Every structure is written in C-alpha cells, then in structure tokens.
Amino acid sequence: MHRIYGYLRASTKEQDAKRALESFVAHSNLVISSWFIETESGATLRRPELFRLLDIAQRGDILLVEQVDSISRLNSPDWELLKSKITDKGIIIVALDLPTSHQFINIRNDEFTQRMLTAINSMMLDMLAAVARKDYEDRRRRQEEGIAKAKRESKYKGRTANPKRNENIAALLTAGKSYSDIVNLLGCSRSTISKVRKSTLKP
C-alpha cells in the first residue's frame, strides 16, 4: 500500500486546505501518513519541506496537494529539475484541481492503466505549472507597474506590512523557534522578527 503525504502552503487558508485533503482521502478509506507545511514561495526551488518530503517518500507514494501551484510557480528550467526529481523517485502527484490525477488514489497493480494515467497527468501538470507561472509573473508585473506609477505621482510609500509573513513569524516565535531558525525558514531580517515580537506577542 502506498503512503500519502499532504503538502501545504503556510497561510491563513492552510486549515481549509488540510480539511479538503483529509476529506478527499477519507472517501477512499485512506489516511494521510504525514503533513509537510511549507513557508517558502512556490516560485523558488528553495523549499526545505518539499525536498524533505521527496527524500522520505518511496516509489509509488503520493504527494497530495490542493492545487498544482502549491508545488510549482517555477520558471521552466526549475520546473523541469523538480519534475525530474519527482519522476526519478517514482512519486505520484495528486492534486484536487487536477481530476485526472484522482484515480491514482485507488489504482491497484494495473500497469497499463497506471502508464496511461502517468502520461496524461504529466502533460496536464506541465500545463497547470505553466499557467501558475504566468499568473505569478502577471501579478509581479502589475505590482511593478503600480509602484512605478505611484512613484511618478509621488504617492509611493514604500513596502507595506506583509500580514502573511508576520503571521508565520508570530507562529514560529510562539512555537519557540529562535531568531536564526526563523531567518533560515522565512528569509526575513532579524529586525523584522523583533518588530513582530513587539507588536503581536506579549512580553
């Protein structure tokens, strides 16, 4: 029996996504073996939790996500590197937003069906990964255009607070993580951590 590993992005919607994944596997009378919660962006290969999952998983195990963009908003070369690692290990991606992948949950020793599904899903994953990357680049472009316009009109006030990042910092502080741990996990500065501690946590 293959194992199922749930992979989540750390965000305010994390619990909703977790419930959706648990409900999905429960319909097949299966359970998720372990959860991996990532704080890094899907646009980078620097994702320690994803690669920890890939190191632990064995051939035939399932990497379960709510959406394909949880795995990849990568550019084409980085996506090919990640996909190659997943394929070489024989790990199967099942995403709630990719219906053709759902059959992998129940497939049993049917080599022909598995090969057909693998071929179909490989193509669909490439398409959805490309869409996710385009969405990421479009949002970045619109943000840059907005900043440029604000600067021309002397309305630019610099970076605003990042609520999602600050929420993650507060959670890690509450969990007893050190400043160095949080810097390594989130890539933020020590001064930012200090500000979050002062503004959100009681002394």
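Just so you know, these numbers come straight off a predicted model, no measurement behind them.
- For Ser84 and Thr87, the side-chain atoms include no donor-acceptor pair closer than 3.5 Å.
- For Thr39 and Asn168, the side-chain atoms include no donor-acceptor pair closer than 3.5 Å.
- Within the 3.5 Å criterion, the main-chain N or O of Cys188 finds no donor-acceptor partner in the side chain of Thr192.
- Aromatic rings of Phe104 and His2 (six-membered ring for Trp) have centroids beyond the 6.0 Å cut-off, not under it.
- Residues Glu40 and Pro48 share a closest heavy-atom pair of CG-CD, 4.0 Å.
- The nearest pair of heavy atoms linking Arg3 to Ile56 is NH2-O, 3.9 Å.
- With no hydrogens or angles considered, no side-chain donor-acceptor pair links Arg52 and Tyr5 at under 3.5 Å.
- Of the possible polar contacts, none joining the Asp69 side chain to the Ser72 backbone as a donor-acceptor pair under 3.5 Å is found.
- In terms of the side chain to side chain contact (heavy atoms under 4.5 Å, CB included) criterion, residue partners of Leu125 (sequence neighbours excluded) are, by chain and number, Val68, Trp79, Ile93, Leu98.
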- Task: Given side-chain contact (heavy atoms from CB on, under 4.5 Å), test Gln143 with Arg139 step by step and report yes or no.
- Result: CA-CA 6 Å; Gln143 182 182 43; Arg139 286 190 291 107; over 6 Å; no

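- Evaluated for a side-chain contact (heavy atoms from CB on, under 4.5 Å) with Leu21, the options Leu64, Val94, Val65 yield exactly one hit, Leu64.
- Side-chain contact check for Tyr7 and Glu38: at least one donor-acceptor pair (N or O, by modelled atom type) lies under 3.5 Å.
- Using a cutoff of 4.0 Å between basic side-chain nitrogens and carboxylate oxygens, Arg141 and Asp138 are scored as salt-bridged.
- Note on Ile120: it does not cluster hydrophobically with Ile62, by side-chain heavy-atom contacts below 4.5 Å among ILVMFWY residues.
- Electrostatic pairing of Lys83 and Asp126 counts as a salt bridge here, judged by a charged N lying under 4.0 Å from a carboxylate O.
- Remark: the backbone N or O of Leu54 is not paired with any side-chain donor or acceptor of Lys85 at under 3.5 angstrom.
- Listed by chain and number, the residues in a side-chain hydrogen bond (donor to acceptor under 3.5 Å, both in side chains) with Ser178 are Asp181 (sequence neighbours excluded).
- With sequence neighbours left out, the side-chain hydrogen bond (donor to acceptor under 3.5 Å, both in side chains) criterion links Arg133 to Glu137.
- A continuous path of Ile, Leu, Val, Met, Phe, Trp and Tyr side chains, each step under 4.5 Å between heavy atoms, connects Leu81 with Leu128, placing both in one hydrophobic cluster.
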